[in-house]
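The structure under discussion appears below in the form of structure tokens.
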Amino acid sequence: MEYDFKAIEAKWRQHWKNNGTYAVAEDAGKEKYYVLDMFPYPSGAGLHVGHPLGYIASDVIARYKRQQGFNVLHPQGYDSFGLPAEQYAIQTGQHPAITTERNIARYRQQLDLLGFSYDWTREVRTSDPDYYRWTQWIFARLFEHGYDRTMDKARPIAALVSAFAEQGNAASDWVCGEDTLGEAATALWGEDFNGTFTADQWNGLDGAGRSAILMAYRLAYLADSEVNWCPALGTVLANDEVVGGRSERGGHPVVRKKMRQWMMRITAYADRLLSGLDGIDWSDSIKEVQRNWIGKSTGAQLRFEIEGHPGSGIEVFSTRPDTLHGANFLVLAPEHELVADITTEGQREAVEAYVQETASRSERERMAGDRGMTGCATGAHALHPLTGAPMPIWIADYVLAGYGTGAVMAVPAGDQRDWEFAQAFGLEVPPIFEGHDISEGACGDKDAILCNSGEWNGMRCSDVLPRAIEESTRAGFARPRVNFRLRDAVFSRQRYWGEPFPICYVDGVPTLIEDEQVLLPEVDAYLPTEDGDPPLARAEKWNVRRGDRMEFNTMPGWAGSSWYFLRYMDPHNGDALCDRSKSDYWGQVDLYIGGAEHGTGHLLYSRFWTKFLHDLGIIGFDEPFAKMINQGMILGRSSFVYRIEGTNTFVTFEQRKEHRTQRLHVDISMVRNDTLDTDAFRSWRPEFADAEFILNEEGRYRCGSEVEKMSKSKYNVENPDDLVERFGADTLRCYEMFLGPLEQAKPWDTQGINGVHGFLRKLTRLYLGSDGADLVTDNPPSAEAERTLHKTIKKVTEDLDRLSWNTVVSALMIGVNELTEMGCHDRAILQPLAAILSPYAPHLAEELWSRSGGQGSVVDAPWPTWDSAKLVESEVRYPVQFNGKVRFQFEVAADLSPEEVENAVLADARTGKQLDGRAPRKVIVVPGRIINIVG
RNA sequence: GCGGGCGUGGUGGAAUUGGUAGACACGCCAGAUUUAGGAUCUGGUGCCGAAAGGUGUGGGGGUUCGAGCCCCUCCGCCCGCACCA
């Protein structure tokens, strides 16, 4: 066998392992290149062919860059804290660490088969205490820091404490949770707290009081937030785990409950997270997802006085204060704090019923559904700040409590939702736009011309807007305001298998534990306690060793994955999360490859933590991933059989409509070319043992098929191990790259792999005879063979530079086809060919490199360069322009310089045949293969 | 509804800067060969047509000597967000 892939791959896999080929170290004399995969969660199911796609792509680039002389950092690790291992533990009692260890071993085994050039000495695992120690350390720094708006960076809370001691909180402009501050201050100093406190007030506080105040400023803080609590399950549920007021799993009742949770003040970084997007090379769509999620809007906060309630007012946020003259009522979220105060006696019953009704639905549910407008008048009125006209105050669930101030000024002529609300409740729609018919709907056009708007009549909205903000501010009822949709992230989970917080409570005050690492304790069960405390509360000895008690929550999955790319640079450092000299050398990730599904999770949180660590001077850059490619999903091709209802008889695809049939997924391993192996099917499951088949005219059972997501339950999963067994890792690598553009979703087609396998076999035959004898000669290569080689080097190099993985395989195939046709066995051709093959088929490339006399490992073989002089084609046709019109096609040898082309054209064209009988004076050869002739 | 992207043979896709559309591969067809395989080799394969020729990148229009690519418009598909004031 001339291409014995099993022997070749085993041989070189062992060789690389023995030689530690892929270990890298900092080298000041070499330019670095950092190429990173999103590390996997090691699930029990193992890999299917979709998982390695991105890993192969990054490995190709890592190998290519390495051969180009870069010092390449290409690590891999495991995001090993997570829910599946914990659920398995709840069911079986097996410790998640054991499950995780086993799954990692399986992953490693599968990854090793594929020939990746990872430096495994740098492996990280988020569940490793030596790793999560630093995750806890970052949390501690976040706890100890706040965000100073003046300096636009994170600063130690200690600096704020000094400022408070001297000037209270009036002089410093730090990001502050106003609700948290308000609650704490009210508890300490009484109801009339107006947002500021003095140095005397501060200095008079005890430790608990100060702690409560400082919580409003910390980047990691404790706060009461409303969550979906399921008492039966003893845990908090995410909004999408709640359906119709009951838990999605089990159907237990869910209540909305305020719970004290750790939060991350990511909102402090909202502006920088937004502007930082401009400087990084990510896809437009994922940047757009992040922009949308951050949701910056600029406008004003306006205050409306309430009739009969002097001193209190309703604050609303609006991006369109230019439409203020069209505002004729206010709408509050049902949860708005003023609702109870302002509701009139006549409306109280109706309002309370409405509030009750909305409270029983989750926010998610309110947002979905039929969009029918609901609401209720409070009976109260606000006063229009310009005209003093009374404006009825309504409550409605289309206004969200969590956004802006939880209240809006309704401008039914300018906002579709307000318009619909006005229609539903028979409210007036004052027209404020010239030429706009308000019976049709609202007008959102910012270029519309205003009317009925006092001094602004006749002006364009977009021109009025800045003026409206300015004038309202001067009049004292408004101030400019920027609002973000982004909300602070809940950082607590009531789970076991996550990072424990380095926090204990001393007299109720949350306090950092920094003198020793807080390790995840052993527990006797992985469920919450009877009291509803998280599983960590079961670890009684662990719990009581500090303060009153330890923190029982653990950190969410995204904690460990927010900074792992840094740890690879210095994975064994026991004194720091990453030495500054190492992070300065390796710097940002140059190429990050992974799925697009993390747009608002991992990718946002790692940007946040990176900026924070940059503020602290831990690292010298503030964006983690300079360039990112999101690979598309590989879809499976499912096969179906058609059972006649109520029988055990199956008809083929062609006949399925002649009967009442039921479509069933069948395992694709039993199907070849859409034909079912009926014997295999009978023995697949007992219920099919006596299945009858009605075959088609060709005497075979033809299955139906469909492209859908790969999944166990659809029996359409292709396992990489099987394919490596049948075709080898090199074939699988090439084929996955050949499938199509990396970013696109594409169906898997196992039949297609034969073509790529044939290519590698054909390639091998250039070097080896069928008996395994060397065929490589030292004959001088023909010009033709050189042209093929240089053309291939050029194409492969250019395609890799623009990250076009799939076209590279085609280029290699074409080269091999041509060389095979020529019968080329020349060392001068085949050695460089092995070198450029290496990124895609590293095992075979090593074999062929050594067979063709290459020195050392092909992994370090310098990337060949192409010589344009060798790229001579016989003739090229140029379209020729004469006085602006293309008159004829001119053929010229392709290796001529522009000057030679010019002379050739002049010489020929002077006959004047194609040039209206005129002799040209000048010939201009321009790129794009067009020749301009000036008459 | 808003935002992002896409539309090319039977299939996956190529065409990099506006310059011979369909490279490369699968599938299919025909032939060869054989120890009958999920093997190998050779040739063919966009569509219509016997051929000459015509036609062709979702539809229509435009710019250009020239459009898969640029502009306008309509249709269809995918992804993300979705009452964000």
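A, B, ... follow the sequence lines: proteins, then strands. Residue 1 opens every chain.
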Q: Apply side-chain hydrogen bond (donor to acceptor under 3.5 Å, both in side chains) to A/Thr267 and list each qualifying residue two or more places apart in sequence or on a separate chain.
A: A/Asp488

Q. In whole Å, what is the span from the CZ atom of A/Phe759 to the C1' atom of B/C24?
A. 11 Å

Q. When you measure from the side chain of A/Trp419 to the backbone N and O of A/Ile438, does any donor-acceptor pair fall under 3.5 Å?
A. yes

Q. Which residues satisfy the salt bridge (Lys or Arg N to Asp or Glu O under 4.0 Å) test with A/Lys287, sequence neighbours excluded?
A. none

Q) Taking the chi torsion of B/G9, is it syn (within 90° of 0) or anti (everything else)? A) syn

Q: Check RNA chain B against residues 801-816 of chain A and give the residues with a non-hydrogen atom under 4.0 Å, in numerical order.
A: A/Arg802, A/Asn806, A/Thr807, A/Ser810, A/Met813, A/Ile814

Q.
Holding to side-chain hydrogen bond (donor to acceptor under 3.5 Å, both in side chains), I want the full list of residues that pass it with A/Asp281, two or more places apart in sequence or in another chain.
A. A/Lys627

Please tabulate, one pair per line, each protein N/O and nucleotide N/O from nucleotides 79-81 of chain B that are separated by under 3.5 Å, including the distance.
| from | atom 1 | to | atom 2 | distance (Å) |
| --- | --- | --- | --- | --- |
| B/C81 | O2' | A/Asn292 | OD1 | 3.3 |

Q: Output yes when A/Glu420 and A/Arg417 qualify as a salt bridge under the 4.0 Å nitrogen-oxygen rule, no when they do not.
A: no

(Q) Please report the distance separating the P of B/C71 from the corresponding atom of B/U17, rounded so that it comes out in whole Å. (A) 15 Å

Q | First of A/Asp799 and A/Gly406 reached from the 5' end of RNA chain B, by closest nucleotide | A | A/Asp799

Q: Let me know, please, whether A/Phe317 or A/Asn817 comes out on the 5' side of the other along RNA chain B by nearest nucleotide.
A: A/Asn817

Q. Rounding to a whole Å, what distance do you find between A/Lys791:NZ and B/U16:P?
A. 16 Å

Q.
Test of understanding: with salt bridge (Lys or Arg N to Asp or Glu O under 4.0 Å), list the residues that count as partners of A/Arg320, not counting sequence neighbours.
A. A/Asp322

Q.
Over all strands shown, is A/Gln744 touching base, sugar-phosphate only, or nothing at heavy-atom distances under 4.0 angstrom?
A. sugar-phosphate

Q: Just compare B/G4, B/C84, B/A85 and give me whichever is closest to any side-chain atom of A/Val399.
A: B/A85

Q | Listed partners of A/Tyr840 passing ring-ring contact (aromatic ring centres under 6.0 Å, His included), at least two apart | A | none

Q. B/A50 and B/G31: how far apart are their C1' atoms, nearest whole angstrom?
A. 23 Å

Q. Does A/Thr298 have any side-chain hydrogen bond (donor to acceptor under 3.5 Å, both in side chains) partners at least two apart in sequence or in another chain, and if so, which?
A. none

Q: Applying salt bridge (Lys or Arg N to Asp or Glu O under 4.0 Å), name anything that partners A/Asp722, two or more places apart in sequence or on another chain.
A: none

Q. For RNA chain B, what dot-bracket results from Watson-Crick or G-U pairs at under 3.5 Å, with [ ] for crossers and | for inter-strand partners?
A. (((((((..(((......[....)))((((((.......))))))(((....)))..(((((..]....))))))))))))....

(Q) The side chain of A/Lys795 is closest to which nucleotide in this list: B/U16, B/C26, B/G4? (A) B/U16

Q: Give A/Arg481 one of three labels, base, sugar-phosphate or nothing, depending on what nucleic acid heavy atoms sit under 4.0 Å from its own.
A: nothing

Q: Please list, chain by chain and in numerical order, all residues satisfying ring-ring contact (aromatic ring centres under 6.0 Å, His included) with A/Phe640, sequence neighbours excluded.
A: A/His665

Q. Who pairs with A/Arg607 by side-chain hydrogen bond (donor to acceptor under 3.5 Å, both in side chains), at least two apart in sequence or on another chain?
A. A/Gln290, A/Glu623

Q | Whole-Å P distance, B/G7 and B/C69 | A | 11 Å

